[in-house]
*Asks:* 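Here it is: the structure, laid out below.
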There are 4 protein chains.
Amino acid sequence: MNSAERVRAAAVKLFAAKGFHGTGIRDLAQEAELSSATLYHYMGTKEDLLVEIMTTALRRLLDAAGKATPEHGDPMVRLRTLVALHVLAHAVQPGETRVVDNEVDALSAPARARVVALRDEYEQRWAQIIEDGVESGAFHTDRPAVTRLALLEMCSGVARWYSPRGPVRLDELATHYAELALRALGHPATVRAEDLRHCMDVVAQVWDLPVQPGN
Amino acid sequence: MNSAERVRAAAVKLFAAKGFHGTGIRDLAQEAELSSATLYHYMGTKEDLLVEIMTTALRRLLDAAGKATPEHGDPMVRLRTLVALHVLAHAVQPGETRVVDNEVDALSAPARARVVALRDEYEQRWAQIIEDGVESGAFHTDRPAVTRLALLEMCSGVARWYSPRGPVRLDELATHYAELALRALGHPATVRAEDLRHCMDVVAQVWDLPVQPGN
Amino acid sequence: MNSAERVRAAAVKLFAAKGFHGTGIRDLAQEAELSSATLYHYMGTKEDLLVEIMTTALRRLLDAAGKATPEHGDPMVRLRTLVALHVLAHAVQPGETRVVDNEVDALSAPARARVVALRDEYEQRWAQIIEDGVESGAFHTDRPAVTRLALLEMCSGVARWYSPRGPVRLDELATHYAELALRALGHPATVRAEDLRHCMDVVAQVWDLPVQPGN
Amino acid sequence: MNSAERVRAAAVKLFAAKGFHGTGIRDLAQEAELSSATLYHYMGTKEDLLVEIMTTALRRLLDAAGKATPEHGDPMVRLRTLVALHVLAHAVQPGETRVVDNEVDALSAPARARVVALRDEYEQRWAQIIEDGVESGAFHTDRPAVTRLALLEMCSGVARWYSPRGPVRLDELATHYAELALRALGHPATVRAEDLRHCMDVVAQVWDLPVQPGN
DNA sequence: AATGAATGAGTCTTCATTCAT
DNA sequence: CATGAATGAAGACTCATTCAT
């Protein structure tokens with residue numbers, strides 16, 4: 001890992017653990033094993049670093065969502081895929097996603113606008129799928145917007161507690177959440193690991209993970 | 001509202017909006033309409049203020065949970081009550097709960113230990129009810145711990161988006177979430193507003209809210 | 001002299017001696033006998049301090065010019081008065097005027113615009129008098145604009161070398177420069193100290209100087 | 001223009017425009033289109049660069065003064081020549097002269113001593129000519145030292161406003177200032193462009209300018 | 001009860017300069 | 001000849017906190 005990567009990794013780790021305002025430039029320097037002046041060879045301002053982390057994470061998520069879920073088709077299939085994708089993304093890069101979820105308020109107005117636009121674009125996918133499913137009679141909920149927010153929060157929460165060293169494998173996690181979401185939407189289907197194979201492949205590709213069968 | 005209350009309210013608002021580290025003593029003073037020196041008549045250190053806010057919020061939640069849900073009895077009833085309580089608490093005092101959820105890392109070690117102990121005590125109630133429900137056959141989930149965390153995150157998320165000025169009334173919100181939770185646990189029951197009457201009374205009492213029928 | 005005044009005096013002294021960029025906040029603090037943090041009770045930013053010094057100095061000069069020289073009347077009388085005023089101002093507050101003359105480039109664009117506007121307003125007085133004198137035949141110069149700039153630079157230069165502890169008294173200085181200027185404009189008049197009495201009174205009043213006869 | 005020259009030109013431009021302390025090594029590098037590390041192939045320290053610019057400019061001025069004005073002879077002729085030379089030097093290399101005039105305070109003590117010695121040597125020429133003129137009855141002033149300083153400031157000021165793209169040609173400028181100076185010294189002579197021919201030739205030679213008749 | 005004044009330690013960031021490549 | 005990488009010191013400015021009044 002070179003210096004630039006070390007800086008970025010340090011920022012993700014510390015911003016996630018202590019928050020943007022709780023992380024000093026000296027903390028970053030120490031974590032990246034550089035002097036605080038050298039840090040500035042590899043970054044603009046501290047905020048630039050935050051923006052870069054956030055936009056990269058969100059772009060990857062959007063990219064993965066585009067690759068994993070078709071625009072049209074069975075809402076149940078699309079939803080379970082999107083849920084699995086979201087959960088896996090949060091389990092696989094908990095640092096980045098915690099930063100995205102918690103530090104939006106630390107951004108200056110123009111940067112915040114850009115980040116929020118990306119996030120809204122992503123959430124629109126959820127809204128569309130739920131709407132389609134309700135229309136087709138696959139999903140049952142009398143407050144689709146509330147349900148969408150509830151499911152999003154439920155899935156994002158994974159980043160706050162999941163550990164790959166715990167007893168739950170990634171495919172189990174994804175399967176479980178996909179099923180929770182379908183149940184919450186009043187859909188009777190059961191989700192099996194093989195239903196999410198393509199989704200896991202996309203995740204492995206977008207986030208440069210070694211394919212680990214049974215993970 | 002007297003000075004001491006204004007300080008507390010300012011802290012809740014700003015800690016929730018900008019984070020503990022993102023909020024300066026001068027911000028607090030301005031929000032509370034006091035000089036920064038005067039602030040120190042009504043508080044100890046900035047961290048003391050944070051600790052007080054967190055422990056008060058958690059104690060109230062525990063208190064309310066004790067009053068609203070019996071130790072034993074039908075797990076379905078207990079769960080829907082606890083979910084409703086949790087959701088209402090987060091909707092009614094979003095500032096406090098966001099602080100509790102987001103700023104634990106800002107605490108020094110000893111203070112953090114105390115706060116986490118309270119939070120664990122509260123979460124243990126969720127664990128117990130889910131365990132009881134699974135044992136009795138009321139709930140169906142093969143990963144009770146995962147499900148518990150998923151539901152908790154889902155319900156806590158309310159503090160991040162709910163607004164009393166939006167189209168969703170509090171009783172609708174509570175009912176909706178209670179039903180989402182039961183569905184996720186594989187329970188067929190439907191939840192109606194009158195099922196949560198007692199719970200709403202407890203909330204109104206514990207958080208000193210005027211009882212607003214139809215809210 | 002209270003703290004706020006000490007800060008201002010320190011800034012004038014050091015900005016004049018070492019330039020704005022050459023003066024550190026710590027230099028100011030040391031000169032004002034305050035800690036560098038305490039400095040910020042009495043000022044905004046370092047640039048605010050500079051702007052305040054400049055605008056105050058220019059406003060005083062404009063004020064004095066308004067009081068000492070009539071809008072109309074004999075150009076020779078008006079010119080010798082304005083020259084004397086300018087020279088005295090530069091001799092009496094050399095720090096302020098050196099800052100005004102040398103540090104305009106250190107200002108940010110909006111602040112610079114304001115300061116330059118004041119300076120232009122002042123220089124317009126010179127232009128008007130010279131124009132009037134040329135028109136009336138009192139002055140002779142085939143490049144009034146060049147002559148104006150030459151005289152202004154000549155007079156402003158006083159701030160760079162004059163010392164009240166030297167052999168030249170203030171009234172001698174003013175008389176001498178007034179005569180130099182009239183000669184340069186091809187006017188035969190001789191200037192005597194009593195011609196400048198009113199002008200010196202205005203200076204004493206605008207800059208809060210004790211009236212020192214024979215100075 | 002090679003790299004070394006580009007560095008020097010960048011320094012003159014930026015030191016003149018923003019001051020020594022207001023100019024960073026990175027500014028110089030950008031202006032010279034080099035990396036900041038490469039800069040150090042062509043210079044010693046930043047201060048060395050400043051000293052070199054100052055001493056070169058002053059040496060040229062001294063050199064030109066030696067070539068243009070005889071040690072003895074008619075004070076009027078010598079003065080008008082020296083004034084013309086000074087004005088032309090300041091008009092032709094305004095950057096260098098502004099640096100010399102404004103940045104002496106930025107020098108360390110030993111460097112300052114050397115630069116000031118050169119400047120004093122040059123000013124001594126002015127003093128000598130004025131003294132000779134007063135003695136011979138050609139000039140009339142009761143404060144020769146004050147007059148000398150006034151004239152020097154007047155002439156040096158040219159560097160602060162003259163532009164070759166304006167309406168005033170160099171020979172006009174020189175003629176005008178020479179006449180202003182003579183008038184200020186009470187001398188009745190009129191100065192014509194051809195009186196300064198030799199002086200302009202010397203300037204063209206010392207500063208490597210293409211001889212542009214009518215400039 | 002309230003606050004203006006004060007500050008040491010801290011903030012993020014830039015400085016001029018060096019050096020291995 | 002050229003430069004990316006590196007840094008200790010310094011830059012301006014803010015921090016949470018205390019205390020005399």
Side-chain angles (χ1 to χ4, degrees), chain A residues 2-4 6-7 20-29 32-50 106, chain B residues 2-4 6-7 11 20-29 32-50, chain C residues 2-4 6-7 20-29 32-50 106, chain D residues 2-4 6-7 20-29 32-50 106:
Chain A
N2 63 28
S3 292
R6 285 215 310 281
V7 170
F20 178 75
H21 291 302
T23 302
I25 234 68
R26 285 166 168 130
D27 300 323
L28 287 174
E33 295 180 288
L34 294 169
S35 80
S36 61
T38 304
L39 225 53
Y40 283 86
H41 267 281
Y42 302 102
M43 50 177 272
T45 64
K46 202 180 134 190
E47 192 188 6
D48 289 341
L49 194 52
L50 177 60
Chain B
N2 65 28
S3 291
R6 285 216 310 282
V7 171
F20 178 75
H21 290 302
T23 302
I25 235 68
R26 284 167 167 84
D27 299 324
L28 288 174
E33 296 180 287
L34 293 170
S35 81
S36 60
T38 305
L39 225 54
Y40 283 86
H41 275 277
Y42 301 102
M43 50 177 272
T45 66
K46 200 179 138 192
E47 192 187 6
D48 290 341
L49 194 52
L50 177 61
Chain C
N2 63 28
S3 291
R6 285 215 311 281
V7 171
F20 178 75
H21 291 301
T23 302
I25 234 67
R26 285 167 167 127
D27 299 325
L28 287 174
E33 295 180 289
L34 293 169
S35 81
S36 61
T38 304
L39 225 54
Y40 284 88
H41 267 281
Y42 302 100
M43 50 178 273
T45 65
K46 202 179 131 188
E47 191 187 6
D48 290 340
L49 195 52
L50 177 61
Chain D
N2 64 28
S3 291
R6 285 216 309 283
V7 170
F20 178 75
H21 290 301
T23 302
I25 235 70
R26 284 166 167 86
D27 299 325
L28 288 174
E33 295 179 287
L34 294 169
S35 80
S36 60
T38 305
L39 225 57
Y40 283 87
H41 275 278
Y42 302 102
M43 50 177 273
T45 66
K46 200 179 136 191
E47 192 187 7
D48 290 341
L49 192 53
L50 177 61

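Residue numbers start from 1 in every chain, and the chains themselves are labelled A, B, ... in the order their sequence lines are given, proteins ahead of strands. Worth saying up front: this structure is predicted, and the values here are computed from it rather than measured.
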*Asks:* State, to 0.1 Å, how close A:H21 and B:G22 come at their nearest heavy-atom pair, and which atoms those are.
*Replies:* CD2-CA, 3.4 Å
*Asks:* For B:S3, what residues pass the side-chain hydrogen bond (donor to acceptor under 3.5 Å, both in side chains) criterion, not counting sequence neighbours?
*Replies:* none
*Asks:* Quick one: C:L50 CG to F:dC13 P, roughly how many Å, whole number?
*Replies:* 12 Å
*Asks:* Could you work out, with side chain to side chain contact (heavy atoms under 4.5 Å, CB included) as the rule, every residue matching D:A4, not counting sequence neighbours?
*Replies:* D:N2, D:Y42
*Asks:* Could you work out, with side-chain hydrogen bond (donor to acceptor under 3.5 Å, both in side chains) as the rule, every residue matching B:E33, not counting sequence neighbours?
*Replies:* none
*Asks:* Just need the stems in DNA chain E: three or more back-to-back Watson-Crick or G-U pairs, each with both distances under 3.5 angstrom, sorted by first number.
*Replies:* E:2-21 with F:2-21
*Asks:* How far apart are the closest heavy atoms of B:K46 and B:F20, and which atoms are they?
*Replies:* NZ-O, 3.1 Å
*Asks:* Please encode protein proximity along nucleotides 15-21 of chain F as a string of B, S and -, counting only heavy-atom distances under 4.0 Å.
*Replies:* BBBBB--
*Asks:* Apply side chain to side chain contact (heavy atoms under 4.5 Å, CB included) to C:A29 and list each qualifying residue two or more places apart in sequence or on a separate chain.
*Replies:* C:S36, C:L39
*Asks:* Would you say the side chain of C:L28 lies within less than 4.5 Å of the side chain of C:T23, judging by non-hydrogen atoms?
*Replies:* yes
*Asks:* Rounding to an integer number of Å, can you tell me how far A:L49 CG sits from E:dC12 P?
*Replies:* 12 Å
*Asks:* For A:L39 and E:dT13, what is the distance between atoms CG and P respectively, to the nearest whole Å?
*Replies:* 10 Å
*Asks:* Can you check the A:E33 CD to F:dA5 P distance for me, whole Å?
*Replies:* 18 Å
*Asks:* Of all heavy-atom pairs between C:S35 and C:T38, which one has the smallest distance, and what is that distance?
*Replies:* OG-OG1, 2.8 Å
